[in-house]
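Have a look at the structure below, then the notes.
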2 protein chains.
Amino acid sequence: MPRAASTQERILIAYEDLLLELGERGATLEAVASRAGVSKGGLLYHFGSKEALSSGLVERLHRLTDEDLVLMMAAPAGPVDYLIRTSIDASSPLDRALIATSRLAQAADARAGEALASIRSQWLAVITEAVGDPATARAIVLVSDGLYFNSAMRGMGTPDPADVSAEGIDSLLTVLDRFSTPSVD
Amino acid sequence: MPRAASTQERILIAYEDLLLELGERGATLEAVASRAGVSKGGLLYHFGSKEALSSGLVERLHRLTDEDLVLMMAAPAGPVDYLIRTSIDASSPLDRALIATSRLAQAADARAGEALASIRSQWLAVITEAVGDPATARAIVLVSDGLYFNSAMRGMGTPDPADVSAEGIDSLLTVLDRFSTPSVD
DNA sequence: TTCACTGTACCGTCCAGCCGGTACAGTGGT
DNA sequence: ACCACTGTACCGGCTGGACGGTACAGTGAA
C-alpha cells in the first residue's frame with residue numbers, strides 16, 4: 001500500500017524524468033535509482049522488477065487521471081477549455097505521467113497502451129457529453145492528442161514544432177469554438 | 001535469393017517493420033538483418049553502424065515527404081482533405097516511415113526529431129496557404145498529429161483508440177470543413 | 001583474379017535481476 | 001535493564017545474457 005510521498009513516489013518521478021528526457025532506453029534501473037537518490041538494490045526493494053516499475057507508473061497515471069476527470073467535469077470554462085489548456089501545459093504531474101506512459105507504449109508495453117486508450121475514451125465520453133455531437137467531440141480530442149504529441153516531442157532534441165504560446169492557445173480555442181457551434185455557415 | 005528490391009531498401013523496410021511492431025528497443029541489428037533476409041555482417045556492409053541505419057531511415061522519410069507534398073498540393077479535393085485522409089491510412093510507405101521515425105524521436109534521436117518538426121512545418125505552411133487563417137491551419141495540423149498519434153498506437157498491444165472508420169473520416173472532414181473552406185460548391 | 005558482397009566467430013559494454021550484507025527500529029521474554 | 005529476534009529499508013558487487021561493432025574467411029559473378 002503506497003503511503004504518502006516517499007521513496008516510492010520519488011522513484012516513480014525519477015522514472016518519469018528519465019523517460020521524458022532520454023526515452024525508454026535511457027530509463028535504466030541504475031539511472032532511475034541514481035536520480036531518485038537510492039541504490040539499485042534500494043529501488044528493487046520497492047519495485048521488484050522493471051515491469052513492476054512500469055506497472056507502478058501506469059497505476060499512478062490512472063490515479064492522476066481519475067482526479068483530473070473530476071476537475072475537468074467541474075471546470076468553470078467547460079471541459080473543452082480545460083482539456084485543451086491542460087493538453088498544452090505538459091508540466092503537471094498528470095501530463096508528465098501521460099507522456100512518460102506514452103514512451104512505454106511506443107516501446108510495445110501493452111499495459112501502457114491500454115491505459116492510454118482507456119484514458120482517451122474517458123476524455124472522449126466527457127467531451128461528447130459537453131458538445132453534443134460525437135464527430136465534433138472526436139475532432140477536439142484529436143486536437144488534444146496532437147498537442148500531447150507535440151509536447152512529447154518538445155524537450156528532446158527537437159525545435160518546438162507547434163506554436164503554443166499564450167495567445168496561441170486562445171486562438172486555438174476560438175477555432176474549436178467554431179467547431180462546436182455550427183451557427184456560422 | 002531473389003533481388004526484387006535493392007538490399008538497402010529491404011533493410012530499411014525491415015527496420016521500419018520492427019520499429020512499428022516492437023519499438024526502438026526491439027529493432028536490433030540482428031533482428032533487422034534477419035527480417036531483411038541478410039546476415040548482420042551483410043547489414044553492416046550497407047549501413048556501417050546503427051546510426052547510419054537510422055540516418056538512412058530519416059533520409060528515406062525526407063524523400064517520401066517531398067514526393068507527398070507535390071501530391072498534396074495538387075490533390076483534387078484540396079490539401080486538407082488529402083492530409084487528413086493520408087493521416088488515417090498509416091499503411092503507405094510515407095506513413096510507415098513517419099511512424100517509424102517518431103519511434104526514434106521518442107528514443108531521443110535528435111535527427112529524427114528534427115526531421116519530424118521539419119515535415120510538420122512544411123505541412124503547416126501548405127495548409128495555412130490553403131485555408132488562409134493560421135490558427136485554423138494549426139488546428140487542422142493538430143488533428144493530423146492526433147491521427148498519427150493514434151495510428152502509432154494501433155498495431156501494438158493496444159485496442160484501437162480512435163474510431164477511424166470510413167464514415168468517421170467523412171464526418172471528421174465535415175467538421176473541419178465547417179470553417180476551413182468558405183467556397184464549397 | 002578481382003570485386004562486391006555474405007556469413008560467422010568473437011570482443012567489450014551495458015543492463016536486469018539476484019544475493020549477501022548493513023543499519024536500525026521495534027518487541028517480547030526474562 | 002538486557003538480550004534475542006524480527007521486519008523494514010537500503011546497499012553494492014556479481015553474473016548471465018543481449019547488443020553494437022569488428023575481423024576475417026568465404027562465395028559467386030565478371
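Lettering follows sequence order; numbering is per chain, from 1. None of these values were measured; they are calculated from a predicted model.
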**Complete:** Applying side-chain hydrogen bond (donor to acceptor under 3.5 Å, both in side chains) to B:Ser39 and not counting sequence neighbours gives none

**Prompt:** Expressed in angstrom and rounded to an integer, what is the separation of A:Leu22 atom CG from C:dC14 atom P?
**Reply:** 15 Å

**Prompt:** Who are the salt bridge (Lys or Arg N to Asp or Glu O under 4.0 Å) partners of A:Glu51, not counting sequence neighbours?
**Reply:** A:Arg111

**D:dC10 phosphate, OP1 or OP2, under 4.0 Å from A:Tyr45 side-chain N/O** = no

**salt bridge (Lys or Arg N to Asp or Glu O under 4.0 Å) partners for B:Asp133, two or more places apart** = A:Arg178

**Prompt:** Where along residues 52-60 of chain B does a heavy atom fall under 4.0 Å from DNA chain C?
**Reply:** none

**Asked** Has B:Glu129 got more than 12 heavy atoms of other residues, nucleotides or ligands less than 6.0 Å from its CD?
**Response** no

**Fill in**
In 5'-to-3' order, the base (B), backbone-only (S) or no-contact (-) status of each nucleotide in nucleotides 13-30 of chain D, using a 4.0 angstrom heavy-atom cut-off, is B-----SBBB--------

**Complete:** Hits for side-chain hydrogen bond (donor to acceptor under 3.5 Å, both in side chains) against B:Thr101, two or more places apart or cross-chain, chain-then-number order -> none

**Complete:** For A:Tyr148, the side-chain hydrogen bond (donor to acceptor under 3.5 Å, both in side chains) test, sequence neighbours excluded, returns A:Asp95

**Prompt:** When you check the phosphate oxygens OP1 and OP2 of C:dA4, does a side-chain N or O of B:His46 lie under 4.0 Å from one of them?
**Reply:** no

**Request:** Kindly state each residue pair satisfying salt bridge (charged side-chain N to carboxylate O under 4.0 Å, His left out) with at least one member in residues 34-45 of chain A, sequence neighbours excluded.
**Result:** A:Asp17-A:Arg35, A:Glu21-A:Arg35, A:Glu30-A:Lys40

**A:Leu43 CG to C:dC18 C1', straight-line distance once rounded to whole Å** = 14 Å

**Prompt:** Counting side-chain heavy atoms from C-beta on, which of D:dA9, D:dC11, C:dT8 comes nearest to B:Ser39?
**Reply:** C:dT8

**Request:** Under the side-chain hydrogen bond (donor to acceptor under 3.5 Å, both in side chains) rule, collect the residues that match up with B:Arg25, sequence neighbours excluded.
**Result:** A:Glu24

